[in-house]
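Here's the structure, in structure tokens; my notes come after.
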There are 2 protein chains.
Amino acid sequence: MDQNSRRELISDTGLTSNMEDYIETIWVLSMQKKVVRVKDIAADLDIKMPSVSAALNKLKEMGLIDYEKYGFIELTEKGKSLAQKVYGRHSCLKNFFSEVLGLDINMANDEACRAEHVLSPEVCVKMGRLLDFYSVERSRGSEWVAKLQSHLKKTKNPD
Amino acid sequence: MDQNSRRELISDTGLTSNMEDYIETIWVLSMQKKVVRVKDIAADLDIKMPSVSAALNKLKEMGLIDYEKYGFIELTEKGKSLAQKVYGRHSCLKNFFSEVLGLDINMANDEACRAEHVLSPEVCVKMGRLLDFYSVERSRGSEWVAKLQSHLKKTKNPD
DNA sequence: TGACAAAATTAGGTTTATCTAATAAATTTA
DNA sequence: TAAATTTATTAGATAAACCTAATTTTGTCA
């Protein structure tokens, strides 16, 4: 019971990376479609349906989703608020990676998907702030922005 | 065999986060002391000795350490090179977090410890580059550096 | 409405990584 | 050097996530 918390529960949600992934996915899907299905979650996370079933039972026990066998999947208020926390971190990171570091949008997203579970809200917020500052400076045409960009584009070390 | 690779093997070392942690720890310890012991690794990673024993057997099988029961623990060349990759990512991230984002050094280190396993070399290198640029600009007294710092210090949202 | 297809669950396994308790080896010390 | 202490290993369990195969439920459509 403790051997796990040490290595898994690093964020402020009290959830494992996996559980964070599930609620985040449910949240995102529920904005795209009327009804969220086991199949959709499985497709999105690239896992099989039985794994999703098992996870849904856990999420239900934790009070993060309303769910009856073969029925609809809906986040509870608590689930929604945690999902938003995770997604908030995701957004800050993704935007920072793409806008400031100049990463391809898909790569930025992938990196954010992984980092969102391990970086604290404080770091994510600060990276978001840095991005805000950067965006304003860029739109003003500040010279350092261009210099930074050319500095970042130098050939990466092969290692 | 595949269900694991999808979620664990995200970096360029081909190792799980855990294995990365072990070789990184061994590498760091071997620079601090003459002999690296099971006990030290356990203390550093905050786990128990039997877990370390089990991991060492795996690392040996993978050809990353030279090790005989009750004997010395030493990284092979291959192990050393992987450890350096991980530690390189760690350094870039830690320095970025502390110097640019202004995080407390211990917190910066903790965040780096976790993120080093999920962020690609490319991202880490770019964050390192951004830090380099930032350091030069700061030492030149560029105005935007001060502005950024004050922007980052605004009260963080309680969420 | 009855048969077929699609979706979801259950049952039973695997892997990774951890733990505790018990044992064995190595080291220190009296 | 023998006893006591420290260090390390083995044995046996547990928990989180995932899988495949088989079964059950739901939904569609002729």
Side-chain angles (χ1 to χ4, degrees), chain A residues 1-11 13-26 29 33-62 64-74 114 117-118, chain B residues 1-11 13-26 29 33-62 64-74 114 117-118:
Chain A
M1 194 120 299
D2 176 55
Q3 69 258 44
N4 191 53
S5 58
R6 189 176 349 84
R7 296 195 157 269
E8 289 284 347
L9 308 177
I10 45 252
S11 78
T13 59
L15 302 175
T16 61
S17 297
N18 267 287
M19 293 299 112
E20 286 189 349
D21 268 332
Y22 280 109
I23 56 167
E24 187 186 13
T25 298
I26 293 169
L29 285 174
K33 356 183 107 193
K34 285 165 212 155
V35 181
V36 179
R37 300 167 167 223
V38 171
K39 196 186 110 179
D40 301 325
I41 300 172
D44 207 86
L45 292 174
D46 192 25
I47 57 180
K48 305 295 180 180
M49 289 199 289
S51 307
V52 175
S53 280
L56 292 180
N57 287 324
K58 282 188 206 158
L59 291 171
K60 191 187 169 181
E61 265 185 29
M62 294 186 235
L64 302 180
I65 58 171
D66 286 324
Y67 183 56
E68 295 306 328
K69 252 195 211 177
Y70 298 101
F72 297 139
I73 300 162
E74 264 182 312
R114 300 194 303 266
H117 306 297
V118 304
Chain B
M1 195 122 297
D2 176 56
Q3 69 257 44
N4 191 53
S5 58
R6 190 176 348 85
R7 297 195 157 269
E8 289 284 345
L9 307 176
I10 46 253
S11 78
T13 60
L15 303 175
T16 61
S17 298
N18 267 288
M19 292 299 112
E20 287 189 349
D21 268 332
Y22 280 110
I23 56 168
E24 187 186 13
T25 299
I26 293 169
L29 285 174
K33 358 182 104 191
K34 286 163 211 155
V35 181
V36 178
R37 298 165 166 232
V38 171
K39 195 186 110 179
D40 302 324
I41 299 172
D44 208 86
L45 291 174
D46 191 25
I47 58 179
K48 305 295 178 178
M49 290 198 290
S51 307
V52 175
S53 279
L56 293 180
N57 287 325
K58 281 188 206 157
L59 291 171
K60 190 186 169 183
E61 266 185 29
M62 294 187 236
L64 303 181
I65 58 171
D66 286 325
Y67 183 57
E68 295 305 329
K69 252 195 215 177
Y70 297 102
F72 297 139
I73 300 162
E74 265 183 311
R114 300 193 304 265
H117 306 296
V118 303

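Order of the sequence lines sets the chain letters (A, B, ...), proteins ahead of strands, with each chain counted from 1. Keep in mind that the numbers below use all heavy atoms, side chains included, and drop hydrogens, waters and symmetry copies. The shown structure was predicted, so the numbers you read here are calculated from the model rather than taken from an experiment.
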Grab the [atom1]-[atom2] distance between [X] and [N] for me, whole Å please.
X: B:Met62; N: C:dA17; atom1: CE; atom2: P; answer: 8 Å
X: A:Lys48; N: D:dC18; atom1: NZ; atom2: C1'; answer: 11 Å
X: B:Leu56; N: D:dT7; atom1: CG; atom2: P; answer: 16 Å
X: A:Ile47; N: C:dA8; atom1: CD1; atom2: C1'; answer: 14 Å
X: B:Lys39; N: C:dT27; atom1: NZ; atom2: P; answer: 13 Å

Options [options], nucleotide nearest the side-chain atoms of [X]:
X: A:Lys58; options: C:dA7, C:dA17, D:dA17; value: D:dA17
X: B:Val38; options: C:dT9, D:dT9, C:dC19; value: D:dT9
X: A:Tyr67; options: D:dT7, C:dT9, C:dA7; value: C:dT9
X: A:Tyr70; options: D:dT24, C:dT16, C:dA26; value: D:dT24
X: A:Thr16; options: D:dA17, C:dT18, C:dA7; value: D:dA17
X: A:Tyr22; options: C:dT16, D:dA17, D:dC18; value: D:dC18

Check the interface with nucleotides 10-12 of chain D: list each N/O to N/O pair with the protein under 3.5 Å, or write none.
| residue | atom | partner | partner atom | Å |
| --- | --- | --- | --- | --- |
| D:dT10 | OP1 | B:Lys69 | NZ | 2.8 |

Self-check item: Sequence-distant partners of A:Ser51, side chain to side chain contact (heavy atoms under 4.5 Å, CB included), two or more places apart
Solution: A:Tyr22, A:Ile47

Exercise. Sorted by first residue and then second, give each salt bridge (charged side-chain N to carboxylate O under 4.0 Å, His left out) pair with at least one member in residues 49-60 of chain A; sequence neighbours left out.
Key: A:Lys60-A:Glu68

